[in-house]
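The shown structure was predicted, so the numbers you read here are calculated from the model rather than taken from an experiment.
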Amino acid sequence: MNLPNLLIIGAMKAGTTGLYMDLASHPRFFLGHDKEPHALCGDEVLTPAGISRYAAIYEKARPDQIRCDASTGYSKRPDYEGVAQRAVQVLPDGFQVIYVIRHPIERIISQHHHEHFEGKVGPSIVDEVRRHPRYVQYSRYSYQLEPWLSAIGCDRIRVVRFEDYVERRQDTARDLCGFLGLAGQDCVVEEDRVYNQSQGKPVKNEFWHALQHNAAYRKLLRPLAPPKVRLAIRRVLLPAAKAPLGPPNLETIAYLHDALKDDVNQFTAELGLDRPMWDDFAANERRPSPATPGRT
(Lines give C-alpha, C1' and ligand atoms only; values in the text may rest on other atoms or scores of the structure.)
Protein backbone atom coordinates (compact mmCIF):
# COMPACT_ATOMS: atom_id res chain seq x y z
CA MET A 1 0.00 0.00 0.00
CA ASN A 2 1.47 3.35 -1.09
CA LEU A 3 1.33 6.00 1.61
CA PRO A 4 3.26 9.26 2.00
CA ASN A 5 6.89 9.09 3.06
CA LEU A 6 7.12 12.89 3.26
CA LEU A 7 4.90 15.42 5.01
CA ILE A 8 5.06 19.17 4.48
CA ILE A 9 3.13 20.19 7.57
CA GLY A 10 2.81 23.97 7.07
CA ALA A 11 2.79 26.62 8.31
CA MET A 12 -0.24 28.15 6.64
CA LYS A 13 0.70 31.09 4.36
CA ALA A 14 4.41 30.30 4.60
CA GLY A 15 5.13 29.10 1.06
CA THR A 16 4.14 25.43 1.33
CA THR A 17 2.49 25.37 -2.10
CA GLY A 18 5.51 26.89 -3.81
CA LEU A 19 7.91 24.52 -2.07
CA TYR A 20 5.74 21.52 -2.95
CA MET A 21 5.69 22.54 -6.61
CA ASP A 22 9.44 23.21 -6.65
CA LEU A 23 10.21 19.78 -5.22
CA ALA A 24 7.76 18.27 -7.72
CA SER A 25 10.13 19.27 -10.53
CA HIS A 26 12.31 16.34 -9.45
CA PRO A 27 11.61 13.15 -11.46
CA ARG A 28 11.53 11.07 -8.29
CA PHE A 29 8.87 13.26 -6.65
CA PHE A 30 5.33 11.98 -7.17
CA LEU A 31 2.78 14.72 -7.86
CA GLY A 32 -0.52 13.36 -6.54
CA HIS A 33 -3.94 14.63 -7.54
CA ASP A 34 -4.51 15.96 -4.00
CA LYS A 35 -1.71 18.12 -2.59
CA GLU A 36 -3.27 18.55 0.85
CA PRO A 37 -5.66 15.73 1.76
CA HIS A 38 -5.53 16.53 5.50
CA ALA A 39 -6.15 12.82 6.05
CA LEU A 40 -4.17 12.72 9.30
CA CYS A 41 -6.32 15.42 10.91
CA GLY A 42 -8.94 12.90 12.08
CA ASP A 43 -9.25 9.33 13.30
CA GLU A 44 -10.94 8.13 10.10
CA VAL A 45 -7.49 7.50 8.64
CA LEU A 46 -7.06 4.77 11.27
CA THR A 47 -9.95 2.78 9.76
CA PRO A 48 -9.54 0.40 6.80
CA ALA A 49 -11.75 2.58 4.59
CA GLY A 50 -9.98 5.78 5.59
CA ILE A 51 -6.48 4.49 5.00
CA SER A 52 -7.53 3.01 1.65
CA ARG A 53 -8.80 6.40 0.50
CA TYR A 54 -5.56 7.99 1.67
CA ALA A 55 -3.42 5.43 -0.14
CA ALA A 56 -5.44 5.82 -3.35
CA ILE A 57 -3.95 9.31 -3.82
CA TYR A 58 -0.50 7.75 -4.20
CA GLU A 59 -1.36 4.44 -5.86
CA LYS A 60 0.32 5.40 -9.17
CA ALA A 61 3.63 6.35 -7.55
CA ARG A 62 6.69 4.27 -8.35
CA PRO A 63 8.42 2.55 -5.41
CA ASP A 64 11.44 4.86 -5.76
CA GLN A 65 9.42 8.09 -5.68
CA ILE A 66 8.84 10.53 -2.83
CA ARG A 67 5.12 10.57 -2.01
CA CYS A 68 4.27 13.87 -0.37
CA ASP A 69 1.27 15.02 1.63
CA ALA A 70 1.48 18.82 2.00
CA SER A 71 -1.35 19.66 4.42
CA THR A 72 -1.11 22.83 6.48
CA GLY A 73 -3.69 21.40 8.89
CA TYR A 74 -0.91 19.28 10.34
CA SER A 75 0.43 22.33 12.19
CA LYS A 76 -2.87 23.86 13.28
CA ARG A 77 -3.08 22.98 16.92
CA PRO A 78 -5.33 23.05 18.89
CA ASP A 79 -7.85 22.74 16.03
CA TYR A 80 -6.29 19.42 14.99
CA GLU A 81 -4.63 17.38 17.71
CA GLY A 82 -3.01 13.95 17.51
CA VAL A 83 -1.75 14.36 13.94
CA ALA A 84 1.83 13.28 14.67
CA GLN A 85 0.64 10.22 16.56
CA ARG A 86 -1.62 9.18 13.66
CA ALA A 87 1.25 9.69 11.25
CA VAL A 88 3.43 7.30 13.26
CA GLN A 89 0.61 4.73 13.23
CA VAL A 90 -0.14 4.75 9.51
CA LEU A 91 2.86 6.04 7.55
CA PRO A 92 5.94 4.03 6.51
CA ASP A 93 8.81 3.77 8.96
CA GLY A 94 11.27 6.61 8.56
CA PHE A 95 8.89 9.11 6.97
CA GLN A 96 10.26 12.66 6.96
CA VAL A 97 8.78 16.06 7.77
CA ILE A 98 9.37 19.56 6.40
CA TYR A 99 8.04 22.53 8.36
CA VAL A 100 8.10 25.89 6.56
CA ILE A 101 7.91 28.88 8.87
CA ARG A 102 7.58 32.59 8.28
CA HIS A 103 7.95 35.74 10.38
CA PRO A 104 5.11 35.03 12.84
CA ILE A 105 3.38 38.40 12.50
CA GLU A 106 3.72 38.61 8.73
CA ARG A 107 2.25 35.11 8.51
CA ILE A 108 -0.74 36.29 10.57
CA ILE A 109 -1.26 39.29 8.31
CA SER A 110 -1.25 37.07 5.25
CA GLN A 111 -3.62 34.58 6.89
CA HIS A 112 -6.08 37.35 7.70
CA HIS A 113 -5.90 38.66 4.13
CA HIS A 114 -6.54 35.14 2.79
CA GLU A 115 -9.45 34.45 5.15
CA HIS A 116 -11.08 37.82 4.57
CA PHE A 117 -11.20 37.39 0.81
CA GLU A 118 -12.65 33.92 1.30
CA GLY A 119 -15.46 35.53 3.29
CA LYS A 120 -14.50 33.96 6.63
CA VAL A 121 -13.61 37.07 8.62
CA GLY A 122 -14.06 40.84 8.54
CA PRO A 123 -11.62 43.36 7.05
CA SER A 124 -10.17 44.63 10.34
CA ILE A 125 -7.13 42.65 11.43
CA VAL A 126 -7.18 44.68 14.65
CA ASP A 127 -10.49 43.03 15.58
CA GLU A 128 -10.00 39.59 14.06
CA VAL A 129 -6.69 38.65 15.70
CA ARG A 130 -8.28 39.27 19.10
CA ARG A 131 -11.50 37.49 18.18
CA HIS A 132 -9.90 34.32 16.78
CA PRO A 133 -7.09 32.63 18.77
CA ARG A 134 -6.02 30.61 15.73
CA TYR A 135 -4.07 33.55 14.31
CA VAL A 136 -1.62 33.48 17.19
CA GLN A 137 -1.73 29.71 17.69
CA TYR A 138 -0.74 28.92 14.09
CA SER A 139 2.30 31.22 14.50
CA ARG A 140 3.45 29.54 17.70
CA TYR A 141 5.97 27.36 15.91
CA SER A 142 7.46 25.68 18.97
CA TYR A 143 3.98 24.71 20.15
CA GLN A 144 3.10 23.35 16.71
CA LEU A 145 6.34 21.40 16.26
CA GLU A 146 6.45 19.87 19.75
CA PRO A 147 4.30 16.77 18.94
CA TRP A 148 6.43 16.03 15.88
CA LEU A 149 9.68 16.30 17.82
CA SER A 150 8.27 13.97 20.47
CA ALA A 151 7.00 11.49 17.89
CA ILE A 152 9.92 11.18 15.46
CA GLY A 153 12.85 13.26 16.78
CA CYS A 154 14.70 16.13 15.16
CA ASP A 155 16.78 14.14 12.64
CA ARG A 156 13.77 13.42 10.43
CA ILE A 157 12.48 17.01 10.54
CA ARG A 158 13.76 19.91 8.47
CA VAL A 159 12.68 23.46 9.34
CA VAL A 160 12.75 25.90 6.42
CA ARG A 161 12.53 29.65 6.93
CA PHE A 162 10.23 31.22 4.34
CA GLU A 163 12.42 34.30 3.99
CA ASP A 164 15.44 32.12 3.11
CA TYR A 165 13.38 30.05 0.70
CA VAL A 166 12.14 33.14 -1.18
CA GLU A 167 15.71 34.48 -1.48
CA ARG A 168 17.28 31.18 -2.54
CA ARG A 169 14.58 28.94 -3.99
CA GLN A 170 16.82 26.77 -6.14
CA ASP A 171 19.39 26.26 -3.38
CA THR A 172 16.67 25.53 -0.82
CA ALA A 173 14.99 22.96 -3.06
CA ARG A 174 18.27 21.23 -3.79
CA ASP A 175 19.23 21.19 -0.13
CA LEU A 176 15.90 19.57 0.70
CA CYS A 177 16.46 17.02 -2.05
CA GLY A 178 19.65 16.04 -0.22
CA PHE A 179 17.68 15.73 3.02
CA LEU A 180 15.27 13.41 1.17
CA GLY A 181 18.01 11.34 -0.43
CA LEU A 182 17.47 12.73 -3.93
CA ALA A 183 19.99 14.14 -6.39
CA GLY A 184 19.70 17.91 -6.01
CA GLN A 185 20.84 18.71 -9.54
CA ASP A 186 17.71 17.01 -10.90
CA CYS A 187 15.48 19.61 -9.21
CA VAL A 188 14.91 22.54 -11.57
CA VAL A 189 12.95 25.43 -10.06
CA GLU A 190 10.94 27.99 -12.07
CA GLU A 191 12.17 30.89 -9.94
CA ASP A 192 9.97 33.51 -11.60
CA ARG A 193 6.80 31.57 -10.85
CA VAL A 194 4.96 32.34 -7.60
CA TYR A 195 2.23 30.03 -6.29
CA ASN A 196 -0.69 30.83 -3.99
CA GLN A 197 0.09 34.55 -3.73
CA SER A 198 -2.40 36.40 -1.54
CA GLN A 199 -2.53 39.56 -3.62
CA GLY A 200 -4.47 38.91 -6.82
CA LYS A 201 -5.17 35.32 -5.78
CA PRO A 202 -8.38 33.81 -7.24
CA VAL A 203 -11.24 34.00 -4.75
CA LYS A 204 -13.26 30.81 -4.31
CA ASN A 205 -16.93 31.58 -4.91
CA GLU A 206 -20.04 29.52 -4.04
CA PHE A 207 -19.83 27.59 -7.31
CA TRP A 208 -16.23 26.58 -6.65
CA HIS A 209 -16.96 25.50 -3.08
CA ALA A 210 -19.90 23.41 -4.29
CA LEU A 211 -17.75 21.83 -6.99
CA GLN A 212 -14.97 20.96 -4.54
CA HIS A 213 -17.42 19.09 -2.29
CA ASN A 214 -19.24 17.34 -5.14
CA ALA A 215 -18.72 13.58 -4.86
CA ALA A 216 -18.57 13.00 -8.62
CA TYR A 217 -15.99 15.76 -9.09
CA ARG A 218 -13.78 14.45 -6.28
CA LYS A 219 -13.97 10.85 -7.46
CA LEU A 220 -13.87 11.20 -11.25
CA LEU A 221 -12.54 14.59 -12.35
CA ARG A 222 -10.18 15.77 -9.60
CA PRO A 223 -7.78 12.80 -9.96
CA LEU A 224 -7.33 13.70 -13.64
CA ALA A 225 -6.15 17.25 -12.88
CA PRO A 226 -2.99 17.49 -10.74
CA PRO A 227 -2.41 20.56 -8.54
CA LYS A 228 -0.59 22.62 -11.19
CA VAL A 229 -3.48 22.21 -13.61
CA ARG A 230 -6.11 23.04 -10.98
CA LEU A 231 -4.24 26.19 -9.96
CA ALA A 232 -4.19 27.33 -13.60
CA ILE A 233 -7.92 26.63 -14.01
CA ARG A 234 -8.74 28.59 -10.85
CA ARG A 235 -6.84 31.62 -12.15
CA VAL A 236 -8.82 31.53 -15.38
CA LEU A 237 -12.30 30.89 -13.95
CA LEU A 238 -12.35 32.72 -10.62
CA PRO A 239 -12.26 36.45 -9.84
CA ALA A 240 -9.03 37.84 -8.40
CA ALA A 241 -8.82 39.09 -4.84
CA LYS A 242 -9.02 42.83 -4.37
CA ALA A 243 -6.18 45.09 -3.30
CA PRO A 244 -4.45 44.21 0.00
CA LEU A 245 -6.09 45.24 3.23
CA GLY A 246 -4.56 47.90 5.42
CA PRO A 247 -1.78 46.84 7.80
CA PRO A 248 -2.32 46.38 11.54
CA ASN A 249 -1.74 49.38 13.73
CA LEU A 250 1.21 49.63 16.09
CA GLU A 251 -0.87 48.59 19.09
CA THR A 252 -1.85 45.36 17.32
CA ILE A 253 1.75 44.71 16.29
CA ALA A 254 2.75 45.07 19.95
CA TYR A 255 -0.10 42.79 21.04
CA LEU A 256 0.97 40.06 18.62
CA HIS A 257 4.64 40.48 19.46
CA ASP A 258 3.95 40.03 23.18
CA ALA A 259 1.72 37.01 22.50
CA LEU A 260 4.42 35.29 20.43
CA LYS A 261 7.77 36.24 21.98
CA ASP A 262 7.95 33.38 24.52
CA ASP A 263 7.23 30.80 21.83
CA VAL A 264 9.85 32.35 19.54
CA ASN A 265 12.41 32.09 22.35
CA GLN A 266 11.47 28.47 22.96
CA PHE A 267 11.70 27.69 19.26
CA THR A 268 15.13 29.34 19.13
CA ALA A 269 16.35 27.11 21.95
CA GLU A 270 14.91 23.95 20.38
CA LEU A 271 16.72 24.63 17.11
CA GLY A 272 19.98 25.36 18.93
CA LEU A 273 20.25 28.91 17.58
CA ASP A 274 22.13 31.77 19.22
CA ARG A 275 19.38 34.28 18.49
CA PRO A 276 15.85 34.29 17.06
CA MET A 277 15.39 33.91 13.32
CA TRP A 278 13.77 37.36 13.16
CA ASP A 279 15.65 40.36 14.51
CA ASP A 280 12.63 42.12 15.99
CA PHE A 281 12.20 39.21 18.43
CA ALA A 282 15.76 39.47 19.70
CA ALA A 283 16.30 41.15 23.07
CA ASN A 284 16.26 44.96 23.01
CA GLU A 285 15.39 45.04 19.31
CA ARG A 286 12.69 47.30 17.92
CA ARG A 287 9.34 45.75 17.08
CA PRO A 288 8.51 45.51 13.36
CA SER A 289 6.65 48.17 11.45
CA PRO A 290 3.24 47.12 10.14
CA ALA A 291 3.55 45.05 6.99
CA THR A 292 1.29 44.12 4.13
CA PRO A 293 0.57 40.55 2.99
CA GLY A 294 3.49 39.00 1.21
CA ARG A 295 3.75 36.81 -1.85
CA THR A 296 2.03 33.76 -0.40
Please give me the minimum heavy-atom distance between [X] and [Y], naming the atom from each residue.
X: A56; Y: H33; result: O-NE2, 4.5 Å
X: R174; Y: C187; result: NE-O, 3.4 Å
X: K13; Y: S110; result: CE-OG, 3.4 Å
X: A151; Y: V88; result: CB-CG2, 3.9 Å
X: S142; Y: Q266; result: OG-CG, 3.0 Å
X: L7; Y: A87; result: CD1-CB, 4.2 Å

If you define the side chain from C-beta out and look only at heavy atoms, does anything of [X] sit under 4.5 Å from [Y]?
X: I98; Y: L23; answer: yes
X: L271; Y: M277; answer: yes
X: L245; Y: F117; answer: yes
X: P92; Y: L3; answer: yes
X: F281; Y: I105; answer: yes
X: L149; Y: I157; answer: yes
X: K60; Y: F30; answer: yes
X: V129; Y: T252; answer: yes

Spell out, as yes or no, whether a donor-acceptor pair under 3.5 Å connects the side chain of [X] to the backbone of [Y].
X: E128; Y: G122; value: yes
X: S75; Y: I9; value: yes
X: S25; Y: V188; value: yes
X: H38; Y: G73; value: yes
X: E44; Y: I51; value: no
X: R102; Y: F162; value: no
X: Y20; Y: E36; value: no
X: H112; Y: V121; value: no
X: D22; Y: Q170; value: no
X: S139; Y: P104; value: yes

Have [X] and [Y] got a donor and an acceptor in their side chains that come within less than 3.5 Å?
X: W278; Y: E163; answer: yes
X: E146; Y: S150; answer: yes
X: R140; Y: Q144; answer: no

Should D171 and R168 be marked as a salt bridge (charged side-chain N to carboxylate O under 4.0 Å, His left out) after you check the CA-CA gap, both sets of side-chain angles, and the distance that decides it? CA-CA 5 Å; D171 290 344; R168 299 183 292 276; 5.2 Å; no
Atom [atom1] of [X] and atom [atom2] of [Y]: how far apart are they, to the nearest 0.5 Å?
X: N265; Y: E270; atom1: CG; atom2: CD; result: 11.0 Å
X: E106; Y: Q111; atom1: CD; atom2: CD; result: 14.0 Å
X: K35; Y: I57; atom1: NZ; atom2: CD1; result: 12.0 Å
X: L260; Y: Q137; atom1: CG; atom2: CD; result: 9.5 Å
X: L182; Y: I66; atom1: CG; atom2: CD1; result: 5.0 Å

With sequence neighbours left out, which residue pairs that include part of residues 61-70 fulfil the side chain to side chain donor-acceptor pair (under 3.5 Å) condition?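 Sorted pair list: Y54-D69, R62-D64, D69-S71, D69-Y74.
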Starting from the C-alpha separation in whole Å, work towards a yes-or-no answer on salt bridge (charged side-chain N to carboxylate O under 4.0 Å, His left out) for R134 and E115. CA-CA 12 Å; R134 66 177 177 272; E115 292 185 344; 2.9 Å; yes
Do you reckon [X] sits in the same ILVMFWY cluster as [Y], going by side-chain contacts under 4.5 Å, direct or chained?
X: L6; Y: V100; result: yes
X: Y143; Y: M12; result: no
X: V45; Y: Y58; result: yes

Scan L31, D186, L180, V189 and name whichever one has a side-chain contact (heavy atoms from CB on, under 4.5 Å) with H26.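 Filter result, single survivor: D186.
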side-chain contact (heavy atoms from CB on, under 4.5 Å) between E167 and T172: does it pass, once the steps are laid out? CA-CA 9 Å; E167 266 188 46; T172 301; over 6 Å; no
Intermediate values then yes/no, side-chain contact (heavy atoms from CB on, under 4.5 Å), E59 and N2: CA-CA 6 Å; E59 62 184 353; N2 273 353; 5.5 Å; no
In a table with atom names and distances, give each donor-acceptor pair under 3.5 Å that connects a side chain of residues 78-85 to protein atoms at least two apart or in another chain.
| residue | atom | partner | partner atom | Å |
| --- | --- | --- | --- | --- |
| D79 | OD2 | Y138 | OH | 2.3 |
| E81 | OE1 | R77 | NE | 3.0 |

Would you call the rings of Y141 and Y99 parallel, tilted or perpendicular, taking 30° and 60° as the class edges?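 Aromatic pair Y141/Y99 classed perpendicular.
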I'd like to know whether N5 forms a side-chain contact (heavy atoms from CB on, under 4.5 Å) with L91, so could you lay out the CA-CA distance, the side-chain angles of the two residues, the decisive distance to 0.1 Å, and finally the verdict. CA-CA 7 Å; N5 48 13; L91 298 187; over 6 Å; no
Please name all residues satisfying side-chain contact (heavy atoms from CB on, under 4.5 Å) with T268, sequence neighbours left out, ordered by chain then number.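 For T268 the side-chain contact (heavy atoms from CB on, under 4.5 Å) partners, ignoring immediate neighbours, are V264, L273, P276.
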